[in-house]
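Structure first, commentary second.
The figures here come from the full heavy-atom set of this structure, side chains too, leaving out hydrogens, waters and symmetry mates. Residue numbers count from 1 along this sequence.
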Amino acid sequence: MNKINPRKLLHSKWTAIEPKKKQKHFLVTKVKFDEEGLVSLCLFEAVLTRAQYQIDWHELTNEDKWHFGWQ
């Protein structure tokens, strides 16, 4: 299980274990917090295509799907 500090998500780099549409490397480009300090929005950008996706940041803790950093 990847341990993630939500405050350090912005600009973090991730590698998808199973790339889709040749998109393997991602960068967190935007993180918003609600009034309680919880993550309300997490935007990912594919490095290859610059496509942006909204993701539930809790998915990043799954080591079967994501590796921290670019590998």
Between CG on residue Leu60 and CZ on residue Phe26, distance to nearest 0.5 Å = 10.5 Å
Contacts of Arg50 that satisfy side-chain contact (heavy atoms from CB on, under 4.5 Å) - sequence neighbours left out = Glu45
message = Considering only residues two or more places apart or on different chains, which pairs with a residue in residues 33-43 satisfy salt bridge (charged side-chain N to carboxylate O under 4.0 Å, His left out)?
response = none
ask   = Under a 4.5 Å side-chain heavy-atom rule over Ile, Leu, Val, Met, Phe, Trp and Tyr, are Val28 and Tyr53 clustered together?
value = yes
message = In the structure I gave you, are the side-chain heavy atoms of Ile17 and Asp64 within less than 4.5 Å of one another anywhere?
response = no
task = Determine, using the 4.5 Å side-chain heavy-atom cutoff (strictly less than), whether Val47 and Trp66 are members of one ILVMFWY cluster.
result = no
task = Please report the shortest heavy-atom distance between Gly69 and Thr15, naming the atom on each side.
result = O-OG1, 2.6 Å
task = Give a yes or no answer on whether the side chain of Asn2 reaches the backbone of Phe68 with a donor-acceptor pair at less than 3.5 Å.
result = no
ask   = Between the side chain of Ser40 and the main-chain N/O of Lys32, is any donor-acceptor distance below 3.5 Å?
value = yes
Spatial distance of atom CG (Leu41) from atom CD1 (Ile55) [nearest 0.5 Å] = 11.5 Å
request  = Check Pro6 against Phe33 and note the closest heavy-atom contact, atom names and distance.
outcome  = O-CZ, 3.6 Å
ask   = Nearest 0.5 Å, what's the CD-NZ distance between Gln71 and Lys13?
value = 12.5 Å
ask   = Looking only at heavy atoms, which two atoms of Gln23 and Ala51 are closest? And how far apart?
value = OE1-CB, 3.6 Å
ask   = To the nearest 0.5 Å, what is the distance between CG (Leu9) and CG (Leu43)?
value = 11.5 Å
inquiry  = Could you see if Leu27 belongs to whatever hydrophobic cluster contains Phe44? Use Ile, Leu, Val, Met, Phe, Trp, Tyr and a side-chain cutoff under 4.5 Å.
reply    = no
remark   = residues 14-30 vs salt bridge (charged side-chain N to carboxylate O under 4.0 Å, His left out), sequence neighbours excluded, gives none
